[in-house]
Engineer: 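One structure, pasted below without further comment.
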Amino acid sequence: MYTRRLLISCLTAALAVLAAMALDQRADYRVVPLPDAINGIKSADFKLTEACLINYPTANRDMERNAAMLSEYVEELTGMHLSTRPTVNAKDRPGNVTLLIDPKAVAHDEGYRILVTARGVEISGRTPAGVFQGIQVLRKSLPVGPAAMVALPAAQVEGQPRFGYRGMHLDCARHFFGVPAVKRYLDIMALHGMNQLHWHLTDDQGWRIEIKKYPRLAEVGGWRNGTTLGHNSPVNDGIRYGGYYTQDEIRDIVRYAADRYITVIPEVDMPGHMLAALTAYPELGCTGGPYEVWGLWGVADDVLCVGRDHTLQFIRDVLDEVMQLFPGEYIHIGGDESPRVRWQQCPRCQQRIADEGLQSRDGRQGAEARLQGWFTTRVQRYLAQHGRRIIGWDELLGCDVDTTATIMSWTGAEPGARGAMLGHDVIMTPNTPLYFDHYQSRETWNEPTAFGGLATLRMVYEFEPVAAHLTGAARGHILGAQANLWTEYITCEPQAQYMVLPRMAALAELLWMRPEARDYADFMARLPRLVEVYRLHGWTYRARSLNPDEEKDKN
Ligand code: TNX
């Protein structure tokens, strides 16, 4: 009996393997995000096999890396190993995949063109970054599973991003995610055509970046004595929690991101959300402490004392090291949720208000709001002297900062539209629906505990970053959008992945595609193939979001 059953299951397994091998393994270019054009060409399929080489331009390090990554992707997906080869010789192209820099083929710096005929495959871009985007598209076109040959239908496939800023945020202060987890987050971003990681590195609950001049920031500020259970309950788990990134680890992550054409924008939140720094150096606060790295969530009253010159020196010193680690133009200086109660009672802050003439303006703007503006402008100028620009949360719009500050619109979409009309560059990250720490479903009892709110896959898909009433220059000030992953309630990597997948796929479509080309039902039909890539990598995702009826029932 037992042997018979064993025999039957062996036979079934063998048949399944044979069926899979015999199955027509065909690429499908209708990926997520959908390319702008997929035009069929009269030609036979190209047959991708292990005999194909991946050509890249000789002596171009970026393209060499691109080629190596394409080879790695093909192997992960199909098991076929394709070798790479440096060559600029056109006669090396037939039968192979060739990566090309070709400004004539593509108009946009991050755009791509994939040309497939029976004779070969060419992936072209104006820049290596564009070629990389084309590689992601080809990668997502391939079927997942062992294959000895994949047929690529002859076609010209083209695409370019609608927005230059395509961001994901990761809060590593509330909960700490180690270097491998951050790298996987970057891998996930690359698959989705994202190009900016906004890395939230400091907050009341932990300081996560080593600063050589102030070692206590990470050593003391990197640890809290316990964490509240549930939604800010009075019960604390009493477990010491923390961690930080050394400068070497940060350089490693920045390089890993750059290899995937992702810029890392560090955020050092100031003057609020600073309790971890105050715990390490109490002289930076108005009362002088003692302080304790916070085990609660929310907004703490203790902020930086900006009446003291030493605080400004401290910030300049920290930013000096931050600028050395992060070569991108932008530094995020936070600016959100900074209560003013301490400043109102602090003789030094009040003296600063008097000295700088920051009195309240016709009842509209309090003196302390102007004090935050004064502080932010000093920081902004300091960074500008070093060729950097600031991004700040939309609270900055109430603080007199000039228009060289880029605004991140988080309290809603309205501040972003207002900022754009005032002449600020703007990144749209409205909490509804781009806070990925919010629930993905109305059935919250079936979900891991989240911050609150609601951002279903469909809500993300239907978000439009450019408000209809914006015209002319103001429209151009909307640089793009970003989803934020605040981690008060996200304690581990699988949970973080669950919150971003598949919502990142919806975000990718709105950042890449023309608004008129977006179609939710069509997206839902293409999504399962992207999810196969998630499964291949073992990434956690919300499977129920794939059910197109889930939202229909509830809306
Ligand atoms: C508001 S967004 C915050 C964060 C919280 C988040 C939770 C912003 C600038 N401040 O400190 O983590 O809400 O969703």
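Note that ligands are numbered from 1 as they come in the structure, with each ligand's atoms numbered from 1 the same way.
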Engineer: For the ring pair His169 and Trp199, is the centre-to-centre distance below 6.0 Å?
Structural biologist: no

Engineer: Which residue in the set Tyr245, Trp223, Tyr241 passes ring pair (Phe, Tyr, Trp, His ring centres under 6.0 Å) when paired with Phe176?
Structural biologist: Tyr245

Engineer: Tell me, please, whether Phe314 has Arg316 positioned over its six-membered ring: NZ or CZ under 6.0 Å from the ring centre and within 45 degrees of its axis?
Structural biologist: no

Engineer: In chain order, what residues pass the ring pair (Phe, Tyr, Trp, His ring centres under 6.0 Å) check against Tyr281, with sequence neighbours excluded?
Structural biologist: Tyr214

Engineer: Around ligand 1, what residues show up once you keep those with a heavy atom under 4.0 Å from it?
Structural biologist: Arg174, His273, Asp336, Glu337, Trp393, Trp410, Tyr435, Asp437, Phe451, Trp486, Glu488

Engineer: Salt bridge (Lys or Arg N to Asp or Glu O under 4.0 Å) with Arg388: which residues, sequence neighbours excluded?
Structural biologist: none

Engineer: Output all residues satisfying side chain to side chain donor-acceptor pair (under 3.5 Å) with Asp519, sequence neighbours left out; order by chain, then residue number.
Structural biologist: none

